[in-house]
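In this chain, residues are counted from 1 in sequence order.
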Amino acid sequence: SDRNFIDVSQIIMLLSGTLSILALLPAIGIFLYYPNLRCIKNYIHVNLMVSFIFRITYDNSKGFLNLWFFNQYLKISYPNNTTTRPAHDWPMNIPQVILTDSSTLPLVNSENRPFAAVFYKSLCISWTLLGRFSQLANYFWLMNEGIYLYNLLNLTRLLGNCSMRGFLFIGWGIPLFFILINVMIA
């Protein structure tokens, strides 16, 4: 019963995400194709839509790639012995298990190709960081929309003249900065 609910919810999420991407792509094309629509406000909208597509693509592919990473990791860590493989349930966050659950998953097994085990561990780390970046970029582009609207509605113009470079820095640069800090600390 719980398994069926998870499968149905994943299918609904996949279909709704795909429909969202199919609606966002023509909107981006319209904004970029017509010269009359090229302005800072619409460039901010386009970047917000790109961050939505990035986030939806990550969310839709997360389950499939997590399972693939996990299976590859198990093949490397337990090549011939299926009885000692840990029994983890499907809907969990697989990269988190590989990175933290050292009691059931050896991070590097020297007898069984350590390079491949390290390779799949780094793939999991990269995939998790990519997801965090897409989420942060999405939030910062939403904040950019708010900053731009605030500057348009505020009569005193406290923020001065807004440039697209500043919005690009806030939307893509600051999330990248936080991800780099996360990489250096962890």
Side-chain angles (χ1 to χ4, degrees), residues 5-69 91-100 122-186:
F5 174 75
I6 290 170
D7 291 341
V8 169
S9 66
Q10 287 177 339
I11 290 171
I12 290 171
M13 188 175 109
L14 180 67
L15 289 175
S16 63
T18 304
L19 286 174
S20 296
I21 289 174
L22 291 176
L24 288 171
L25 287 174
I28 291 172
I30 289 169
F31 277 130
L32 295 177
Y33 181 74
Y34 293 106
N36 294 341
L37 295 177
R38 293 183 188 157
C39 63
I40 287 184
K41 174 182 72 169
N42 289 341
Y43 283 134
I44 293 172
H45 290 332
V46 167
N47 279 287
L48 177 63
M49 289 182 225
V50 168
S51 75
F52 275 129
I53 289 173
F54 192 39
R55 178 71 183 170
I56 292 168
T57 303
Y58 174 79
D59 285 342
N60 282 348
S61 60
K62 180 172 57 176
F64 302 111
L65 286 176
N66 282 350
L67 187 61
W68 182 80
F69 288 152
M92 64 187 302
N93 189 359
I94 303 300
Q96 202 60 35
V97 171
I98 291 176
L99 299 178
T100 61
S122 13
L123 276 179
C124 287
I125 292 170
S126 302
W127 188 246
T128 303
L129 289 174
L130 188 66
R132 289 179 185 164
F133 174 77
S134 69
Q135 186 176 19
L136 281 172
N138 201 232
Y139 292 146
F140 276 97
W141 277 108
L142 283 170
M143 186 179 76
N144 275 341
E145 289 274 351
I147 290 170
Y148 185 79
L149 287 174
Y150 175 79
N151 198 31
L152 284 179
L153 297 175
N154 191 2
L155 297 176
T156 58
R157 303 270 181 188
L158 291 175
L159 298 176
N161 197 5
C162 297
S163 72
M164 193 59 201
R165 284 185 187 168
F167 288 119
L168 286 171
F169 175 74
I170 292 171
W172 300 115
I174 292 177
L176 183 63
F177 174 73
F178 284 125
I179 294 300
L180 291 175
I181 288 175
N182 189 358
V183 167
M184 288 186 286
I185 290 174

Pairs involving residues 174-186, ordered by first then second residue, that meet side-chain hydrogen bond (donor to acceptor under 3.5 Å, both in side chains) (sequence neighbours left out):
none
Residues which pass side-chain hydrogen bond (donor to acceptor under 3.5 Å, both in side chains) with Tyr139, listed by chain and number, not counting sequence neighbours
Gln135
Scan residues 19-31 for pairs that pass side-chain hydrogen bond (donor to acceptor under 3.5 Å, both in side chains), counting only residues two or more places apart or in two chains.
none
How long is the straight-line distance from OH of Tyr58 back to CZ of Arg132, given to the nearest 0.5 Å?
8.5 Å
Rounded to the nearest 0.5 Å, what separation is found between the CG atom of Leu19 and the CG atom of Leu24?
11.0 Å
Among pairs that include at least one residue of residues 169-178, which meet side-chain hydrogen bond (donor to acceptor under 3.5 Å, both in side chains), considering only residues two or more places apart or in two chains?
Asn47-Trp172
Listed by chain and number, what are the side-chain contact (heavy atoms from CB on, under 4.5 Å) partners of Phe178, not counting sequence neighbours?
Leu136, Phe140, Ile174
All side-chain contact (heavy atoms from CB on, under 4.5 Å) counterparts of Thr18, not counting sequence neighbours:
Leu14, Leu22, Asn60
Which class fits the ring pair Tyr148 and Phe167: parallel under 30°, tilted 30 to 60°, perpendicular over 60°?
perpendicular
Say you draw a straight line from CD1 of Ile147 to CG of Asn151; how long is it, rounded to the nearest 0.5 Å?
9.5 Å
For residues 50-57, which side-chain N or O atoms pair as donor and acceptor with protein atoms under 3.5 Å away, sequence neighbours left out?
from, atom 1, to, atom 2, distance (Å)
Ser51, OG, Leu48, O, 2.7
Ser51, OG, Asn138, ND2, 3.0
Arg55, NE, Asp59, OD2, 3.4
Arg55, NH1, Gly131, O, 3.2
Thr57, OG1, Ile53, O, 2.7

For the pair Met49 and Phe31, evaluate side-chain contact (heavy atoms from CB on, under 4.5 Å) and give the outcome as yes or no after the intermediate values.
CA-CA 11 Å; Met49 289 182 225; Phe31 277 130; 3.1 Å; yes
Sequence neighbours excluded and cut-off under 3.5 Å, please list the side-chain donor-acceptor pairs for residues 36-44, or say none.
from, atom 1, to, atom 2, distance (Å)
Arg38, NE, Leu32, O, 3.3
Arg38, NH2, Leu32, O, 2.7
Asn42, ND2, Leu37, O, 2.6

